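Just so it is clear, the model here is predicted, and its values are computed rather than measured. When reading the values below, keep in mind they use all heavy atoms of this one structure, side chains included, and skip hydrogens, waters and symmetry mates.
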Amino acid sequence: MLDVADLQFEYGSHRVLTDVSLHLEAGQLAMLVGQNGAGKSTLLRCIAGWSLSERGKISANGASLHHQEQTFRRQVVLVPDTPDFYDELTAWEHLQFVAQLHRLRDWETEATALLSDFQLLDRRDTFPFTFSRGMRLKLALCLALLVHPPLLLLDEPFAPLDAVSNHVLWQKLAAYAAAGNTVLFSSHTVPGGSLPDVVFFLDQGQIENIPPTESLNLVELLGEGDDAP
């Protein structure tokens, strides 16, 4: 589902990513960990095609970002840590806009269920600029899940959510992956008792695949606080 090979990215003279390679199969739920400033957000933006790397190959569901860009972009959705919305559209109008953009049919029932799951149904006619950070992220998640991308990328999705919403999100992501889609998210933590299928550790611009047997104790791996790897 996702192949990244020899990816390199620089901000000016500062190299953020160096020869990063990773592979994910369909149906996998993967976690990207690393210290603040390690380049996790940059890597996700490069994979999504939001930032263009100086070198490397990226493909999703067999489509190359550099040679089949339109097909590639239909495979991938990235939810950033601070999603943006149109000031003049309500939450429901955002869902309607995305449904029309992707030519979705009979989307209203699923959209309503998503809003309900993320406790936004009573705010469907409210403008997102009035939402808290957590509510804005929930709406962005509703928009992303409504589209059903084969590859879903999430940047720090658990950080702004309360404990109940975190468990709801984890259940959604686990079910989404179980349905044959692939999920890659960056985070410093996961809800208690939850384990991804794969853990990637990004350090000094390079990535390491943590074996499942070594990723069982994520608390030890991640440490405590934002400065932990």
request  = Go through the steps to decide whether Leu137 and Asp81 satisfy the test side chain to side chain contact (heavy atoms under 4.5 Å, CB included), and finish with yes or no.
outcome  = CA-CA 7 Å; Leu137 177 61; Asp81 59 344; over 6 Å; no
inquiry  = Quick one, Leu43 with Ile207, criterion side chain to side chain contact (heavy atoms under 4.5 Å, CB included). Give me CA distance, side-chain angles, the key distance, then yes/no.
reply    = CA-CA 10 Å; Leu43 176 56; Ile207 203 162; 4.0 Å; yes
Identify all side-chain donor-acceptor contacts of residues 57-66 below 3.5 Å with residues at least two apart in sequence or on another chain.
from: Asn61; atom 1: ND2; to: Gln75; atom 2: OE1; distance (Å): 2.8
from: Ser64; atom 1: OG; to: His66; atom 2: N; distance (Å): 3.3
from: Ser64; atom 1: OG; to: His67; atom 2: N; distance (Å): 3.3

ask   = Within a strict 4.5 Å, meaning less than it, do heavy atoms of the Val4 and Ser21 side chains meet?
value = no
task = Taking the six-membered ring for Trp and the full ring for Phe, Tyr or His, determine whether the centres of Phe158 and Phe185 are under 6.0 Å apart.
result = yes
ask   = Any idea which heavy atoms bring Leu146 and Ala99 closest together, and the distance?
value = CD2-CB, 4.5 Å
inquiry  = Could you tell me if the side chain of Val33 sits less than 4.5 Å from the side chain of Phe200, heavy atoms only?
reply    = no
Residue pair Leu145 / Val147, side-chain heavy-atom distance below 4.5 Å = no
request  = For the pair Arg136 (side chain) and Pro128 (backbone), establish whether a donor and an acceptor sit closer than 3.5 Å, ignoring hydrogens and angles.
outcome  = yes
request  = Test Trp92 against Leu115 for side chain to side chain contact (heavy atoms under 4.5 Å, CB included), laying out the working first.
outcome  = CA-CA 9 Å; Trp92 184 258; Leu115 288 176; 3.7 Å; yes
task = Spell out, as yes or no, whether a donor-acceptor pair under 3.5 Å connects the side chain of Asn181 to the backbone of Leu151.
result = no
inquiry  = Give me the atom names and distance for the closest heavy-atom approach of Phe118 to Cys142.
reply    = CD1-SG, 3.7 Å
query = Has the side chain of Ser53 got a donor or acceptor atom that lies under 3.5 Å from a matching backbone atom of Leu7?
reply = no
query = What's the spacing between Ser186 OG and Leu154 CG if we round to 0.5 Å?
reply = 8.0 Å
query = How about Leu153 and Arg45: do any of their side-chain heavy atoms sit closer than 4.5 Å?
reply = no
note = To the nearest 0.5 Å, atom CZ of Phe72 lies from atom CD1 of Ile47 at 8.0 Å
message = As an exercise, state the distance from CZ of Arg55 to CZ of Phe9, rounded to the nearest 0.5 Å.
response = 14.0 Å
ask   = With no hydrogens and no angle check, do the side chains of Asp125 and Thr90 hold a donor and an acceptor under 3.5 Å apart?
value = no
ask   = Of the non-hydrogen atoms in Met31 and His188, which two are nearest, and what is the gap between them?
value = CE-C, 4.4 Å
key: Glu108 backbone acceptor or donor facing Thr112 side chain under 3.5 Å   = yes
ask   = Does Arg123 reach the main-chain N or O of Ala91 with its side chain, forming a donor-acceptor pair under 3.5 Å?
value = no
task = Return yes when atom CD of Glu88 has more than 12 non-hydrogen atoms of other residues, nucleotides or ligands closer than 6.0 Å, and no otherwise.
result = yes
ask   = Rounded to the nearest 0.5 Å, how far does CG of Leu29 lie from CG of Asp197?
value = 5.5 Å
ask   = Is there a side-chain contact between Phe127 and Leu89 (heavy atoms, below 4.5 Å)?
value = no
request  = Please assess Phe85 against His94 for the test side chain to side chain contact (heavy atoms under 4.5 Å, CB included), listing each intermediate value before the final yes or no.
outcome  = CA-CA 8 Å; Phe85 300 95; His94 275 89; 3.4 Å; yes
request  = Hey, could you give me the CD/CZ distance between Gln70 and Arg73, rounded to the nearest 0.5 Å?
outcome  = 9.5 Å
request  = Check whether any side-chain heavy atom of Thr42 sits under 4.5 Å from a side-chain heavy atom of Ser51, and report yes or no.
outcome  = no
query = When you measure from the side chain of Thr182 to the backbone N and O of Glu25, does any donor-acceptor pair fall under 3.5 Å?
reply = yes
Min side-chain heavy-atom separation Arg74-His102 under 4.5 Å = no
For Ala144 against Val77, the heavy-atom pair lying closest together = CB-CG1, 3.8 Å
note = Interatomic distance, NE2@His167 vs CD@Gln171, rounded to 0.5 Å, equals 8.0 Å
Minimum heavy-atom distance Lys138-Ser165, with the two atoms named = NZ-OG, 3.0 Å
query = So, for Gly205 and Leu202, which heavy atoms are closest and what is the spacing to 0.1 Å?
reply = C-CD1, 4.0 Å
inquiry  = Taking the six-membered ring for Trp, are Tyr86 and Phe97 closer than 6.0 Å centroid to centroid?
reply    = yes
request  = Indicate if Trp50 and Tyr11 have the same hydrophobic cluster label, given that clusters are the connected sets of ILVMFWY residues with side-chain heavy-atom separations under 4.5 angstrom.
outcome  = yes
request  = May I ask you to check whether Gln28 and His23 show a side-chain donor-acceptor distance below 3.5 Å?
outcome  = no
inquiry  = With heavy-atom distances below 4.5 Å as the criterion, would you say the side chains of Phe129 and Asp84 are in contact?
reply    = no
task = For the pair Lys40 (side chain) and Gln35 (backbone), establish whether a donor and an acceptor sit closer than 3.5 Å, ignoring hydrogens and angles.
result = yes
